[in-house]
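I have placed the structure first, in the form of structure tokens, so that the comments after it can refer back to it.
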Amino acid sequence: MIRIYDTMKKKKVDLETVEKKKVGIYLCGPTVYDYGHLGHGRSAVCFDLLRRYLSYRGYEVTFVRNWTDIDDKTIERAKAEHTTVQELTERFIRIYEEDFEKLGILEPDEAPKPTEHIPGIVSFIERLFEREHAYLLEDGVYYDISTFDDYGKLSGQRLEDLKQGVRVDVAEGKRNPGDFALWKFEKPGEPSWPSPWGNGRPGWHIECSVMSGRYLKEEFDIHCGGQDLIFPHHEDEIAQSRGAGYRFARYWMHNGFLNIDNEKMSKSLGNFFTLRQAFELFSPKAVRFFLISSHYRAPLNFSEETLRQAEAALQRFNDFIGRVAEAKQGERGGTAETIDAGIRRAREGFTEGLDDDLNVSKALAALSDFVRDVNVLMEKGELGSESAGLVIEFMKEIDKVLGVFSFEKKKLDGEIEKLIEERIFARRKKEFARADAIRDRLLKMGIVLEDTKDGTRWKRA
RNA sequence: GGCGGCAUAGCCAAGCGGUAAGGCGACGGUCUGCAAAACCGUUAUACGUCGGUUCGAGUCCGACUGCCGCCUCCA
């Protein structure tokens, strides 16, 4: 049984999907007006892990992640850059897609944008009018949160408390300070679409209610996003969708923040590292491993040190895979039975960990034990090629979920190959000074050599 | 002010009432021409502090302290 932490219930619950062995997931994606930073990467990676894991466990997954392409930010930025909102958002969507691909994030089944769902948004608001949740003001259409009994349930906010917390100027005539815009009337120079109430654009929250309903079922399984979206965004989505008479999401999952110096990484604090900056310092797979290797709900502190640790830990797995791959090529016999039990145990530990609300630490501990055991076998020369093949298959199986390992070794270019051979020759003649010089030279070229009893092995630094 | 989260070794981190997983780093060892990798060993009488419950508590309860987040756009 897979257990997940449900923000609504504030505890771990058994995952019971609407339809057996099928799961519909909606993830609130980024607003596309600027480069994505590691925090966006974390959210995307966390729920990519969820999606991959559920699919590994036999679920047929429908995964929807939106791009928010119309809001104050995109409008402002487009203005500042003297371009259109559409040009700007399309440009950044492409950038996000590239970055996400590097992070090993699988493409969503649907990646909807609110600007392409205006008719659906308009009819959704009409429905809210019919059900007397919406009202009209001078600058837009608003949702009356006092008409929805469960308002505040997700975030644990009470209506009365919210009144005190209000720090923004509220529009004239709002019935409750927490009422939010469903539709904002046109301002000069801003993109707008027609509606029964006047030209304008959708409010922020409405897009997710509409698009999740469009691409998933009326009641779907898991709604995900960053913790900062719990209030007001997700609270408001619930109010809209339930208000409109839909059952909406069964479970709510939220990822913790990526911190830098123990503070939330965010655009407004200006303390962010873009994904691209991170990729200049570390390989995308190392970044993914870093983002994955700590529990998704816990805060994760970014620093060069923590990234380096992740890189080293990943290196150990990749070195392992490289060595096993060589053993697979070898002639060594032996039965595969010996390794079967180990693989089974590792798989059990791995799934037991991830079943428990994606406890990656537990899963990786099982994998670490497995790696050590197989290393011991190899050390003793007891890993047959058939067994090695099974180990590789198992690591590939695991990697369908983790998406971090490297199985392909890129070919060496001729010059490097020649240097390696030259060094082997020098070592045979016991010309160690020359051999060491060549090794240093190769190291500077990014090639690390390891002399083993079976010969010299190379890998990339 | 309201709501919520977190505090475990040098660092990251699991643990969910039965006597401290795993990883990174460091040190010692085996192996090696030397390294590297791998393996073995060492690295928390102790889980923010103080009380309480219990035969027994990082693990439950209370108080306190310190961090962080949400309450406003935000993954």
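We name chains A, B, ... by the order of the sequence lines, and we start the count at 1 in each one.
- Under the Watson-Crick or G-U wobble criterion, with both distances below 3.5 Å, B/C64 is paired with B/G48.
- Under 4.0 Å is where a charged nitrogen must lie from a carboxylate oxygen, and between A/Asp48 and A/Arg288 at least one such pair does.
- Glycosidic torsion of B/G58 falls within 90° of 0, placing the base in syn.
- Separation of the C1' atoms belonging to B/C12 and B/U43 is 16 Å when rounded to the nearest angstrom.
- For A/Leu291 and B/C12, the CG to P distance is 16 Å, given to the nearest whole Å.
- Two residues, A/Tyr5 and A/Asn301, neighbour RNA chain B, and the one matched to the more 5' nucleotide by heavy-atom proximity is A/Tyr5.
- Across all strands shown, the partner of B/U43 is B/G25, judged by Watson-Crick or G-U wobble contacts whose two distances both fall under 3.5 Å.
- A/Asp355 has its CG atom 17 Å from the C1' atom of B/C16, to the nearest Å.
- Evaluation of the ring pair (Phe, Tyr, Trp, His ring centres under 6.0 Å) rule for A/Phe257 yields no partner, not counting sequence neighbours.
- Under the rule for a salt bridge (Lys or Arg N to Asp or Glu O under 4.0 Å), the partners of A/Glu450 that lie at least two apart in sequence or sit in another chain are A/Arg457, A/Lys459.
- Across the strands present, B/U32 finds no partner; the criterion is a Watson-Crick or G-U wobble pair with both atom distances under 3.5 angstrom.
- Between the P atoms of B/C16 and B/G48, the separation comes to 16 Å (whole Å).
- Rounded to an integer number of Å, the gap from CD1 of A/Ile447 to P of B/A36 is 18 Å.
- Taking atom C1' in both B/G10 and B/G69, the straight-line distance is 27 Å, to the nearest Å.
- With sequence neighbours left out, the salt bridge (Lys or Arg N to Asp or Glu O under 4.0 Å) criterion links A/Glu305 to no other residue.
- The separation between A/His205 atom NE2 and B/A75 atom P is 13 Å, rounded to whole Å.
- B/C11 atom P lies 19 Å from atom CZ of A/Phe302, rounded to whole Å.
- Separating the NZ atom of A/Lys11 from the P atom of B/C60 is a distance of 16 Å, rounded to the nearest angstrom.
- Distance, A/Trp458 CH2 to B/A37 C1': 15 Å, rounded to whole Å.
- Under the side chain to side chain contact (heavy atoms under 4.5 Å, CB included) criterion, A/Asp356 pairs with A/Lys12, A/Asn359, A/Lys362, not counting sequence neighbours.
- Side-chain polar atoms of A/Asn66 and A/Glu207 form a donor-acceptor pair below 3.5 angstrom.
- For B/C70 and B/A63, the C1' atoms lie 25 Å apart once the distance is rounded to whole Å.
- Judged as a salt bridge (charged side-chain N to carboxylate O under 4.0 Å, His left out), the pairs with a partner in residues 26-43 of chain A (not counting sequence neighbours) are, in order, A/Asp34-A/Arg77.
- Between B/G62 and B/G25, the two P atoms lie 41 Å apart (nearest whole Å).
- Note: CG (A/Asp6) to P (B/G4) measures 16 Å, nearest angstrom.
- Annotation: B/G23 and B/U59 have their P atoms spaced 26 Å apart (nearest Å).
- Across all strands shown, B/A9 forms no Watson-Crick or G-U wobble pair with both key distances under 3.5 Å.
- Figure legend: cation-pi geometry between A/Lys264 and A/Phe272 absent, as NZ or CZ is not positioned both under 6.0 Å from the six-membered ring centre and within 45° of its axis.
- Under the side chain to side chain contact (heavy atoms under 4.5 Å, CB included) criterion, A/Glu280 pairs with no residue, sequence neighbours left out.
- Within residues 275-289 of chain A, no residue has any heavy atom closer than 4.0 Å to RNA chain B.
- The salt bridge (Lys or Arg N to Asp or Glu O under 4.0 Å) test applied to A/Asp399 returns no partner, not counting sequence neighbours.
- In terms of the side-chain hydrogen bond (donor to acceptor under 3.5 Å, both in side chains) criterion, A/Tyr143 has no residue partners (sequence neighbours excluded).
- Summary of the strand contacts: A/Arg297 and A/Thr31 both lie near RNA chain B, and taking for each the nucleotide with the nearest heavy atom, the more 5' one is attributed to A/Arg297.
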Letter per nucleotide, 5' to 3', of nucleotides 22-34 of chain B [B base touched, S only sugar-phosphate touched, - untouched; heavy atoms, 4.0 Å]:
SBB--------BB
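- A donor-acceptor contact under 3.5 angstrom links the side chains of A/Glu90 and A/Gln86, judged on distance only.
- The salt bridge (Lys or Arg N to Asp or Glu O under 4.0 Å) check on A/Arg347 picks up A/Glu397, with sequence neighbours excluded.
- For the OP1/OP2 pair of B/A38 and a distance below 4.0 Å, the side-chain nitrogens and oxygens of A/Thr452 include no atom meeting the criterion.
- Comparing B/G18 with B/C24, their P atoms are spaced 28 Å from each other, to the whole Å.
- B/U53 and B/C40 have their P atoms separated by 45 Å, given to the nearest Å.
- Regarding contacts with the backbone of B/G15, a side-chain N or O of A/Asn359 is found under 4.0 angstrom from either OP1 or OP2.
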With B for base contact, S for sugar-phosphate-only contact and - for none (protein heavy atoms under 4.0 Å), nucleotides 64-70 of chain B reads ----SSB
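- Here the CD1 atom belonging to A/Ile222 is positioned 4.5 Å from the CD1 atom belonging to A/Ile25, to the nearest 0.5 angstrom.
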